[in-house]
Amino acid sequence: MSIITLQLGQCGNQIGGQMFQSLMDDVHMKPINTLVPPNRNEEYFNDVLSTFFYQDGRSENQLPRARAVMVDMEPKVIAQTCMDAKKSGKWQYPDKQQLSQQRGSGNNWAHGFCIHGPKAKDQVIEMVQKEAEKCDNLGGFLSLMSLAGGTGSGVGAYITECLRDEFPHAFILNQVVWPYNTGEVIVQNYNAILTLSHLYRTVDAVIVMQNDHLHKICSQLLNIKKISFKDINKVICHKLLSILSPGTLHKYPGFTCSNSIGEIMEHMVPISDYKLLTMKNIPQMPESSIQFSSFQWHGLLKHLRQMLIADAAMEEGIDWQVKVGDETPRGGAKHNQSLANFLMLRGKDVNTADTTAFEDSMLYAPWVPPGGALLKGTQPRVFNQYEKSACLLSNSKSPIIQMDYTVGKAWNMFSSRGYVHQYNKHGLVDEDFVDSFVTLEQVIANYKNL
């Protein structure tokens with residue numbers, strides 16, 4: 001099942017470039033798990049190629065080309081990303097699958113959505129169709145974008161809606177980066193609520209990653225002193241590929257299949273009112289420390305489960321006081337409750353790991369049917385040098401606190417008419433803002449009632 005990636009805006013293009021590079025670094029890495037026979041490594045390599053890349057049959061020496069469409073209103077980032085890919089000597093982007101202009105959206109969502117988006121639509125959809133024709137079996141689309149800017153969020157939201165119109169039955173998964181709370185852009189809360197509300201009506205699921213959490217991982221777990229966007233993008237890609245790289249899904253006893261966007265989305269989003277997904281990984285450490293570390297599945301999964309319950313972004317500083325079954329004074333659950341979880345395990349002795357603790361019905365909303373809550377995946381091949389690693393993709397209450405905060409800040413600014421004229425002048429009317437507030441307030445209410 002092939003995945004076509006849409007890299008939207010500066011953030012989306014930089015993450016996309018890092019994602020394809022991380023894939024190639026991983027498959028070319030000398031296997032440290034000698035229990036996996038060479039033919040399995042070759043099989044994994046071929047699976048990665050068919051899912052994320054393609055090769056032109058006319059030339060055996062040609063580098064694999066990413067199944068990607070690149071969109072940004074300014075040419076600099078796209079040019080740099082394409083050049084970095086070619087310089088790696090392992091892969092490259094396809095020719096003429098890039099759209100850029102000379103002027104960005106100035107962090108104005110309306111400029112991207114109402115002006116640049118419609119102008120770019122025909123060309124972008126034509127490029128997507130061109131990529132789709134190269135797929136023997138199209139599994140779906142992965143869109144990468146930021147919530148804060150103008151092009152990634154505004155043009156991104158518009159193009160995603162066009163993508164849904166053009167491919168009504170395809171799976172669309174969006175990965176979005178939530179801006180820093182301290183603020184990168186004065187109107188970032190407007191851009192975030194407008195983007196999320198539009199995506200919510202269009203796509204199958206939205207994986208939310210928060211810059212503040214990613215920054216903490218870089219600082220506290222990876223010991224990086226001067227944190228760059230490249231460092232943060234590497235963490236994002238490690239998380240994404242922990243889920244999307246080839247593996248085996250254990251859907252129910254006696255039945256397995258390859259992991260694909262479609263299989264994962266069908267499990268993770270059983271009800272279309274709940275589309276927000278978050279990711280937790282373990283372990284995460286500096287590359288220099290990996291070879292000196294040893295982990296047991298029991299310890300890794302115990303920590304990962306507590307990260308889920310206490311809604312911790314990383315394994316350091318988990319609140320172990322939060323227990324399943326504890327209640328607030330009003331009778332609600334204190335712990336983070338889920339609708340569905342996907343647990344992906346990679347590495348040595350993967351089939352010996354006991355995952356029953358993640359099946360506990362107390363982790364889930366009361367109406368989730370037994371046996372329908374947890375999907376498990378395995379891959380005996382080591383991933384990204386970690387001898388054992390686990391990733392948990394969750395549909396839970398986790399993103400709601402941040403969303404509630406952002407909607408509140410945006411509403412306060414909107415009530416005082418702050419910067420609204422900047423959006424009005426590009427064709428966005430007040431009702432568009434109100435629709436976005438209403439959509440997201442309903443999402444927040446749904447999750448709070450889990």
Side-chain angles (χ1 to χ4, degrees), residues 1-5 19 23 26-27 33 35-37 39-54 67 132 134-142 167 169-173 175 203-205 207 239-272 274-275 277 279 281 297 301 304 338-356 358-359 364 368-384 388-395:
M1 287 278 196
S2 301
I3 295 172
I4 295 174
T5 301
M19 183 183 82
L23 277 164
D26 182 54
V27 295
N33 184 355
L35 297 175
V36 179
N39 66 316
R40 286 294 293 274
N41 275 311
E42 193 179 330
E43 189 182 303
Y44 180 84
F45 181 69
N46 290 333
D47 282 348
V48 166
L49 282 185
S50 65
T51 303
F52 295 97
F53 300 88
Y54 69 92
R67 297 186 189 274
K134 297 171 192 165
C135 300
D136 292 332
N137 194 350
L138 175 60
F141 298 95
L142 172 66
F167 297 89
H169 305 299
F171 287 98
I172 304 176
L173 171 62
Q175 182 268 315
V203 305
D204 294 286
I207 295 179
K239 287 177 178 291
L240 270 179
L241 297 178
S242 295
I243 289 295
L244 295 176
S245 290
T248 301
L249 298 183
H250 306 267
K251 291 194 72 174
Y252 47 82
F255 180 77
T256 60
C257 61
S258 298
N259 69 325
S260 65
I261 277 188
E263 293 286 356
I264 296 168
M265 292 305 96
E266 282 188 342
H267 174 80
M268 292 305 300
V269 188
I271 301 169
S272 61
Y274 301 87
K275 295 182 178 181
L277 309 181
M279 302 180 81
N281 284 73
W297 282 118
L301 295 180
L304 188 59
S338 302
L339 179 63
N341 284 310
F342 171 38
L343 178 62
M344 187 73 198
L345 310 178
R346 296 177 183 273
K348 191 177 178 185
D349 302 328
V350 75
N351 293 318
T352 66
D354 181 3
T355 59
T356 50
F358 290 87
E359 295 170 19
Y364 301 92
V368 175
L374 179 71
L375 176 65
K376 181 182 163 188
T378 58
Q379 169 56 262
R381 188 187 182 279
V382 164
F383 175 67
N384 211 2
K388 297 183 179 82
S389 63
C391 182
L392 190 71
L393 182 66
S394 288
N395 189 338

Passes side chain to side chain contact (heavy atoms under 4.5 Å, CB included), Glu263 versus Lys251? Steps please. CA-CA 9 Å; Glu263 293 286 356; Lys251 291 194 72 174; 2.8 Å; yes

Nearest-0.5 Å distance that lies between atom [atom1] in [X] and atom [atom2] in [Y]:
X	Y	atom1	atom2	answer
His250	Asn259	NE2	CG	10.0 Å
Gln175	Leu277	CD	CG	11.5 Å
Glu266	Ser260	CD	OG	8.0 Å
Leu393	Ile243	CG	CD1	5.0 Å
Leu301	Leu345	CG	CG	6.0 Å
Cys391	Phe383	SG	CZ	8.5 Å

Donor-acceptor contact below 3.5 Å, side chain [X] vs main chain [Y]:
X	Y	value
Asn395	Met268	yes
Asp204	Leu173	no
Ser50	Asp47	yes

Between [X] and [Y], what is the shortest heavy-atom contact and its length?
X	Y	value
Thr355	Leu343	CG2-CD2, 3.5 Å
Trp297	Arg346	CH2-O, 3.5 Å
Leu374	Tyr364	CB-OH, 3.9 Å
Leu23	Phe53	CD1-CE1, 4.1 Å
Arg381	Asp26	NH2-O, 3.0 Å
Tyr274	Val269	O-CG1, 3.1 Å

Side chains of [X] and [Y], heavy atoms from C-beta outward: is any pair under 4.5 Å?
X	Y	answer
Gln379	Val350	no
Phe171	Ile264	no
Met279	Ile207	yes

Go through the structure and list residues passing ring-ring contact (aromatic ring centres under 6.0 Å, His included) with Phe141, not counting sequence neighbours. Phe167

Audit row: Phe45, Leu49, side chain to side chain contact (heavy atoms under 4.5 Å, CB included) steps and yes/no: CA-CA 6 Å; Phe45 181 69; Leu49 282 185; 3.6 Å; yes

Phe255 atom CZ, over 12 foreign heavy atoms within 6.0 Å: yes

How about CG on Asp136, more than 12 heavy atoms from neighbouring residues, nucleotides or ligands closer than 6.0 Å, or not? no

Does Ser389 form a side chain to side chain contact (heavy atoms under 4.5 Å, CB included) with Asn384? I'd like the steps, not just the answer. CA-CA 9 Å; Ser389 63; Asn384 211 2; over 6 Å; no

Worked check of side chain to side chain contact (heavy atoms under 4.5 Å, CB included) between Arg67 and Ile3: CA-CA 7 Å; Arg67 297 186 189 274; Ile3 295 172; over 6 Å; no

